[in-house]
J.: 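Take this structure, written in structure tokens, and hold onto it; I'll ask about it next.
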Amino acid sequence: MTMDMTVRDLIETHDEHAREEVVMKGWVRNHRAQKAFGFINVNDGTCFDTIQVVYEEGLTENFALLRKIRTGAAIEVAGEVVLTPERSQPFEIKARTIRIIGDSPEDYPLQPKRHSREFLRKHAHLRGRTNLFTAVFRIRSLLTHAIHEFFHSRDFLHLASPIITASDAEGAGEMFRVTTLTPETVGKKGGNIDHEEDFFGKKTNLTVSGQLQAEAFAQAFRAVYTFGPTFRAEKSHTPTHASEFWMVEPEVAFADLDDIMDLSEDMVKAIIRYVLAHAEKEMAFLDRFVEKGLIKKLENIVGSEFHKVTHKEAVTILTDADHSFDTPPEQGADLATEHEKALVEHFGGPVFVTDWPKDIKAFYMRLNDDEETVAACDLLVPGAGEIVGASQREERHDVLKRRMREMGVDEDELGWYLELRRYGSVPHSGFGLGFDRMLMYITGVKNIRDVIPFPRTPKNCEF
RNA sequence: GCCUCAGUAGCUCAGCUGGUUAGAGCACUUGACUGUUAAUCAAGGGGUCCUAGGUUCGAAUCCUAGCUGGGGCGCCA
């Protein structure tokens with residue numbers, strides 16, 4: 001009985017299987033045929049590497065047919081594991097039989113050569129078979145695991161916050177409407193759509209954040225996190241925006257802004273450490289072909305403390321810097337992308353910008369004693385912009401109510417949220433991590449559409 | 001939403017100051033080759049030059065509009 005093995009199994013244990021007969025299945029990455037023998041590189045997605053299969057006239061069945069095998073075909077190989085330490089790969093499979101499971105005709109779009117990212121995006125259903133996307137999506141999966149592991153090791157409760165929400169008061173951008181009404185069934189009152197006739201009896205949207213629900217759970221379970229998809233209907237056309245993306249949103253009771261900054265820093269470092277330890281080959285590939293010095297950059301992050309500046313200090317640094325901006329930095333005003341880039345450059349790594357002017361931040365952020373700023377911070381990183389937005393939440397009922405009024409937030413809709421401040425309200429804080437942006441930072445890939453399996457952006461919902 | 005660049009073979013791109021039959025490398029097909037590593041060598045097939053108008057004797061090339069994609073800005077994670 002021969003053993004059916006994955007590429008990963010074979011790479012990890014080929015020594016133990018020397019001279020044994022094995023069976024493996026996978027897709028042809030490259031094929032080099034010669035007169036009396038040929039070489040096929042096979043990958044099955046279980047790890048980054050390919051395995052070289054050798055076939056020979058007289059040794060392998062159907063030799064003449066095998067020469068026609070093309071890139072992309074799915075094959076099953078049965079043969080002997082041969083150790084080849086003197087060659088550029090430690091072992092190969094000397095094939096006894098090769099069976100074509102699924103042929104790949106000559107118009108297979110992927111070739112054994114470099115393709116542009118734009119081209120591969122149009123072939124998202126096939127791009128997982130390329131080196132780059134094998135690396136990126138293996139790491140994406142590892143990173144997901146690393147996040148769950150980090151929070152579970154700290155006894156956080158994982159909460160599945162709702163995807164459909166009736167709240168649209170968070171001001172976090174345009175929302176996608178969820179409705180079962182059709183032009184035929186829609187009822188109208190005075191020319192307007194009658195939302196009472198809709199599925200939920202009211203206007204509903206896809207969530208832009210699970211934060212508010214996480215706050216409720218934090219005041220029952222102390223430390224919680226959500227990790228799931230969020231949706232923004234904003235017509236943003238940039239390398240760091242997608243219409244559907246994932247966020248990690250922890251929320252901790254009895255924690256202030258410093259506590260939550262420490263938590264986010266610990267988490268960022270822990271998940272980077274996890275990926276460095278578990279995706280050595282993938283990271284080496286990315287370091288070589290995608291971003292030179294990537295591994296060193298990440299190792300530095302893990303080994304150093306993140307910088308912290310207040311928004312006020314940041315503006316002063318920018319104003320004093322010998323740097324011309326399209327929009328001059330201004331006290332009390334928001335930081336433009338060019339300012340963020342300059343700050344990150346100034347500190348040479350991730351930096352927390354804290355204590356933002358209250359008028360440019362959300363209503364739920366806790367008002368500082370100066371009555372001018374809020375206890376909020378953004379974590380800026382080179383290449384992926386803002387990856388974490390954190391704040392201490394306003395736990396004082398009267399202050400929150402006042403802030404909601406000032407910022408025009410509907411009190412009825414968020415009555416439950418306000419009510420949390422009446423029953424055992426405690427100081428609490430949380431942050432949101434843009435998962436896909438974090439993945440960009442870790443892989444060095446500069447476009448969010450290339451770290452999401454099937455990305456959705458304005459005017460693009462293919463696959 | 002605004003600004004900007006691009007769209008020519010399956011892919012990457014050249015041709016673009018208008019002028020015979022639109023080119024190259026890779027891929028593909030056929031053949032050569034006794035250990036290849038994006039193998040190499042030879043021959044061959046392959047094009048609505050993004051779409052629609054316009055200018056012109058003549059448009060891949062110039063003009064206008066649109067579509068698609070990249071980059072920048074705004075918004076944000």
Side-chain angles (χ1 to χ4, degrees), chain A residues 29-41 49-59 67-68 70-72 82 84 86-89 92 94 104-123 126 130-131 170-174 208-211 229-249 264 289 325-327 334-341 360-362 378-381 384-390 431-441 446-452 457-460 462:
Chain A
R29 280 288 180 85
N30 195 1
H31 181 194
R32 298 174 296 280
Q34 296 188 49
K35 190 180 188 181
F37 52 90
F39 304 94
I40 298 174
N41 291 102
D49 293 301
T50 61
I51 288 179
Q52 173 157 291
V53 173
V54 191
Y55 62 93
E56 272 182 50
E57 194 166 21
L59 190 107
R67 305 196 55 185
K68 311 280 185 203
R70 276 175 297 255
T71 307
V82 179
T84 52
E86 73 283 3
R87 300 198 193 284
S88 49
Q89 56 278 325
E92 56 194 25
K94 210 163 202 126
S104 176
E106 58 197 69
D107 57 357
Y108 181 61
L110 303 184
Q111 299 156 27
K113 62 169 247 179
R114 267 184 87 94
H115 292 286
S116 67
R117 307 273 168 85
E118 294 78 15
F119 170 76
L120 291 168
R121 245 169 251 156
K122 289 176 190 158
H123 296 80
L126 297 172
T130 63
N131 286 337
E170 290 160 52
E174 292 296 308
V208 292
S209 164
Q211 180 199 316
T230 48
F231 308 86
R232 304 277 166 93
E234 224 117 63
K235 285 180 181 154
S236 302
H237 197 70
T238 84
T240 52
H241 287 83
S243 310
E244 179 180 326
F245 62 99
W246 280 52
M247 275 210 291
V248 180
E249 296 181 289
S264 69
F289 293 108
F325 296 104
D326 293 338
T327 316
D334 207 351
L335 294 180
T337 306
E338 55 175 339
H339 302 147
E340 292 181 356
K341 284 178 180 166
I360 57 171
K361 286 290 183 185
D378 285 359
L379 177 62
L380 310 176
V381 300
E386 181 193 340
I387 57 169
V388 169
F431 70 81
L433 170 87
F435 177 74
D436 315 86
R437 285 187 182 175
M438 187 71 222
L439 186 60
M440 289 169 71
Y441 185 64
K446 297 290 183 281
N447 196 312
I448 200 165
R449 302 170 186 100
D450 297 327
V451 298
I452 297 176
T457 51
K459 294 277 155 85
N460 172 36
E462 299 304 309

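The chains referred to below are lettered A, B, ... by the order of the sequence lines, with proteins before strands, and numbering in each begins at 1. As the structure is a prediction and not an experimental result, all values here were calculated from the model.
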J.: Could you work out the separation of B:rC5 and B:rG66 based on their P atoms and round it to a whole Å?
T.: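 Taking atom P in both B:rC5 and B:rG66, they lie 16 Å apart.
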
J.: Between A:Q89 (CD) and B:rG35 (C1'), how many Å, whole number?
T.: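 Nearest whole value for this atom pair: 10 Å.
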
J.: Classify the nucleic acid contact of A:N447 as base, sugar-phosphate or nothing, counting any heavy atom under 4.0 Å across all strands shown.
T.: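 Sugar-phosphate only.
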
J.: Using a 4.0 Å heavy-atom cut-off across all strands, classify A:H241 as base, sugar-phosphate, or nothing.
T.: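 If one applies the 4.0 Å heavy-atom cut-off, A:H241 turns out to touch a base.
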
J.: From C-beta outward on A:T238, which listed nucleotide comes closest to its side chain: B:rA77, B:rU36, B:rC75?
T.: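 Nearest to the side chain of A:T238 among the choices is B:rC75.
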
J.: State the pairing partner of B:rC62; accept Watson-Crick or G-U wobble contacts with both distances under 3.5 Å, and report none otherwise.
T.: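 Base-paired to B:rG54.
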
J.: Considering only heavy atoms from C-beta outward, does the side chain of A:H241 approach that of A:R437 to under 4.5 Å?
T.: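 In short, these two side chains touch, coming nearer than 4.5 Å.
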
J.: Using the P atom in both, what is the distance from B:rG15 to B:rG23, to the nearest Å?
T.: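 Result for the P pair: 15 Å, nearest Å.
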
J.: Please find the pair of heavy atoms, one from A:E249 and one from A:S209, that lie closest to each other, and give the distance.
T.: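 Result for this residue pair: OE2-OG, 2.8 Å.
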
J.: Might you point out which heavy atoms bring A:S104 and A:G72 nearest each other, and give the distance in Å?
T.: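 Nearest pair, atom of A:S104 first, then A:G72: CB-C, 3.4 Å.
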
J.: Please state the C1' separation for the pair B:rA14 and B:rA22 - nearest whole angstrom.
T.: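 B:rA14 and B:rA22 have their C1' atoms separated by 11 Å.
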
J.: Spell out yes or no: do the side chain of A:E56 and the base of B:rU34 have one donor N/O and one acceptor N/O closer than 3.5 Å?
T.: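 Flag unset: no donor-acceptor pair detected.
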
J.: NA contact type, A:K446, heavy-atom cut-off 4.0 Å: base, sugar-phosphate, or nothing?
T.: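 Nothing, no nucleic acid heavy atom in range.
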
J.: Roughly how far apart, to the nearest Å, are B:rG10 and B:rC28 at atom C1'?
T.: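 Looking at atom C1' only, B:rG10 and B:rC28 are 8 Å apart.
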
J.: Counting the atoms with a prime plus P, OP1 and OP2 as sugar-phosphate, which does A:S116 contact under 4.0 Å by heavy atoms, base, sugar-phosphate, or nothing?
T.: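 Answer is sugar-phosphate: A:S116 comes under 4.0 Å of backbone atoms only.
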
J.: Do the non-hydrogen side-chain atoms of A:E338 and A:D326 ever get within less than 4.5 Å of each other?
T.: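 Of all side-chain heavy-atom pairs linking A:D326 with A:E338, at least one is under 4.5 Å.
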
J.: Go through the N and O atoms of the side chain of A:R437 and the base of B:rC76, and report whether any donor-acceptor pair is under 3.5 Å.
T.: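 Side chain to base: pair present.
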
J.: Which one, B:rG35, B:rC33, B:rG70, comes nearest to the side chain of A:R67?
T.: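 Comparing B:rG35, B:rC33, B:rG70 against the side chain of A:R67, the answer is B:rC33.
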
J.: Check for me: is A:F39 stacked on B:rG35 by the 5.5 Å centroid and 30° plane-angle rule?
T.: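 No, aromatic ring not over the base.
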
J.: Atom CG of A:D326 and atom P of B:rU4: how far apart are they, to the nearest Å?
T.: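 Rounded to the whole Å, the gap is 15 Å.
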
J.: When rounded to the nearest Å, what value does the distance between C1' atoms of B:rC2 and B:rA59 take?
T.: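 One C1' to the other, the span is 32 Å.
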
J.: If you look at every strand shown and take non-hydrogen atoms under 4.0 Å, does A:A242 touch a base, only sugar-phosphate, or nothing?
T.: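 Contact class for A:A242: base.
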
J.: With distance as the sole test, does A:T84 use its side chain to make a donor-acceptor pair with the main-chain N or O of A:Q89 at under 3.5 Å?
T.: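 Between the backbone of A:Q89 and the side chain of A:T84 there is a qualifying donor-acceptor contact (under 3.5 Å).
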
J.: Is A:N131 touching bases, backbone alone, or none of the nucleic acid, heavy atoms closer than 4.0 Å?
T.: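 If one applies the 4.0 Å heavy-atom cut-off, A:N131 turns out to touch nothing in the nucleic acid.
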
J.: What nitrogen or oxygen pairs link the protein and nucleotides 27-30 of chain B at under 3.5 Å?
T.:
from	atom 1	to	atom 2	distance (Å)
B:rA27	O4'	A:Q111	OE1	3.2
B:rC28	O2'	A:E106	OE2	2.9
B:rU29	OP1	A:R70	NH1	2.5
B:rU30	OP1	A:K68	NZ	3.3

J.: State, with a plain yes or no, whether a side-chain heavy atom of A:T240 is found less than 4.5 Å away from one of A:M440.
T.: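 Side chain of A:T240 against side chain of A:M440, heavy atoms only: contact under 4.5 Å found.
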
J.: Rounded to whole angstrom, note down the C1' distance from B:rA6 over to B:rU51.
T.: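 Looking at atom C1' only, B:rA6 and B:rU51 are 16 Å apart.
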
J.: When you measure only distances, ignoring hydrogens and angles, does the side chain of A:R114 come within 3.5 Å of the base of B:rA38 through a donor and an acceptor?
T.: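 Between B:rA38 and A:R114, which were checked side chain against base, a qualifying N/O pair under 3.5 Å is absent.
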
J.: Separation of A:L335 atom CG from B:rC76 atom P, in whole Å?
T.: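 That distance rounds to 12 Å.
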
J.: Can you tell me if A:R449 touches the phosphate of B:rG70, counting only side-chain N or O atoms and a distance under 4.0 Å to OP1 or OP2?
T.: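 So the side-chain polar atoms of A:R449 do come within 4.0 Å of the phosphate oxygens OP1 or OP2 of B:rG70, strictly under.
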
J.: Can you tell me how far P of B:rG10 sits from CG of A:L120, to the nearest Å?
T.: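 Distance, rounded to whole Å: 17 Å.
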
J.: Roughly how many Å is it from CZ in A:R232 to P in B:rA77, rounded to a whole number?
T.: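 Those two atoms, CZ and P, are 5 Å apart.
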
J.: Could you pick out which residue, A:I360 or A:N460, lies toward the 5' side of RNA chain B when each is mapped onto its nearest nucleotide?
T.: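 Comparing both residues, the 5'-ward one is A:N460.
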
J.: Whole angstroms only, please: what is the CE-C1' distance between A:M438 and B:rC76?
T.: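 Nearest whole value for this atom pair: 18 Å.
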
J.: A:R32 CZ to B:rC26 C1': how many Å, rounded?
T.: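 These atoms are roughly 16 Å apart.
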
J.: Quick one: are A:T230 and A:V208 in side-chain contact, heavy atoms under 4.5 Å?
T.: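 A side-chain contact is absent here, since even the closest heavy-atom pair is not under 4.5 Å.
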
J.: Whether A:K94 and A:E56 form a salt bridge (side-chain N of Lys/Arg under 4.0 Å from carboxylate O of Asp/Glu) is what I want to check.
T.: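 Between A:K94 and A:E56 there is a salt bridge, with a charged N closer than 4.0 Å to a carboxylate O.
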
J.: Would you call the rings of A:H123 and A:F119 parallel, tilted or perpendicular, taking 30° and 60° as the class edges?
T.: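 Aromatic pair A:H123/A:F119 classed tilted.
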
J.: B:rC26 and B:rU40: how far apart are their C1' atoms, nearest whole angstrom?
T.: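 It works out to 14 Å between them.
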
J.: Pairing check on B:rU30: which nucleotide meets the Watson-Crick or G-U wobble criteria with it, both distances under 3.5 Å?
T.: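 Paired with B:rU30, as far as the under-3.5 Å criterion goes, is B:rA42.
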
J.: Does a distance-only test, which skips hydrogens and angles, find a donor-acceptor pair under 3.5 Å between the side chain of A:E118 and the base of B:rG71?
T.: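 Donor-acceptor pair under 3.5 Å: no.
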
J.: In terms of the nearest nucleotide of RNA chain B, which residue is placed more toward the 5' end: A:K122 or A:E92?
T.: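 Taking each residue's closest nucleotide, the earlier one in sequence belongs to A:E92.
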
J.: Can you see if the side chain of A:T337 gets near the phosphate of B:rG74 - specifically, an N or O under 4.0 Å from OP1 or OP2?
T.: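 The answer is yes; a side-chain N or O of A:T337 sits under 4.0 Å from OP1 or OP2.
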
J.: Identify whether any heavy atom of A:Q52 sits under 4.0 Å from a base atom; if not, whether one sits that close to sugar-phosphate; answer base, sugar-phosphate or nothing.
T.: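 Base, at least one base heavy atom under 4.0 Å.
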
J.: At 4.0 Å (heavy atoms only), tell me whether A:F37 reaches a base, stays on the sugar-phosphate, or touches nothing.
T.: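 Counting heavy atoms under 4.0 Å across all strands, the contact made by A:F37 is with sugar-phosphate only.
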
J.: Looking only at side-chain N and O atoms, does A:S236 come under 4.0 Å of OP1 or OP2 in B:rC75?
T.: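 For A:S236, the contact criterion (side-chain N or O under 4.0 Å from OP1 or OP2 of B:rC75) is not met.
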
J.: Remember a base hit wins even if backbone is also touched, and classify A:L110 as base, sugar-phosphate or nothing at under 4.0 Å, heavy atoms.
T.: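 Here A:L110 touches no strand at all.
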
J.: Would you indicate which nucleotide in B:rC75, B:rU36, B:rG69 comes nearest to any side-chain atom of A:R121?
T.: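 The nucleotide sitting nearest to the side chain is B:rG69.
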
J.: Would you mind reading off the distance between A:I448 atom CD1 and B:rC75 atom P, rounded to a whole angstrom?
T.: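 It is 17 Å, rounded to the nearest whole Å.
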
J.: Judged by atom type as modelled, is there a donor-acceptor pair below 3.5 Å linking the side chain of A:R67 to the main-chain atoms of A:Q34?
T.: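 Yes.
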
J.: With heavy atoms under 4.0 Å as the rule, sort A:R117 into base, sugar-phosphate or nothing.
T.: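 Since no nucleic acid heavy atom lies under 4.0 Å of A:R117, the category is nothing.
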
J.: Across the strands shown, which category fits A:E249 at heavy-atom distances under 4.0 angstrom: base, sugar-phosphate, nothing?
T.: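 The answer is nothing, as A:E249 stays clear of every strand by at least 4.0 Å.
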
J.: Please tell me whether A:F39 and A:H31 form a close aromatic pair, meaning their ring centres lie under 6.0 Å apart.
T.: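 Centroid distance A:F39-A:H31: not below 6.0 Å, so no.
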
J.: Using purine N1 to pyrimidine N3 plus N6-O4 or O6-N4 for Watson-Crick, or N1-O2 and O6-N3 for G-U wobble, each under 3.5 Å, what pairs with B:rC2?
T.: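 Across any shown strand, B:rC2 pairs with B:rG72.
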
J.: Between B:rG54 and B:rU8, how far apart are the P atoms? Round to whole Å, please.
T.: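 To the nearest whole Å, 24 Å.
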
J.: Does any nucleotide pair with B:rA22 by Watson-Crick or G-U wobble geometry, both distances under 3.5 Å, and what is it?
T.: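 In the structure as shown, B:rA22 has no Watson-Crick or wobble partner.
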
J.: Given B:rU12, B:rG70, B:rG35, which nucleotide is nearest the side-chain atoms of A:K94?
T.: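 Looking only at side-chain atoms, A:K94 lies closest to B:rG35.
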
J.: Taking 4.0 angstrom as the limit, do A:D378 and A:K361 come out as a salt bridge?
T.: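 The answer is yes: the pair qualifies as a salt bridge.
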
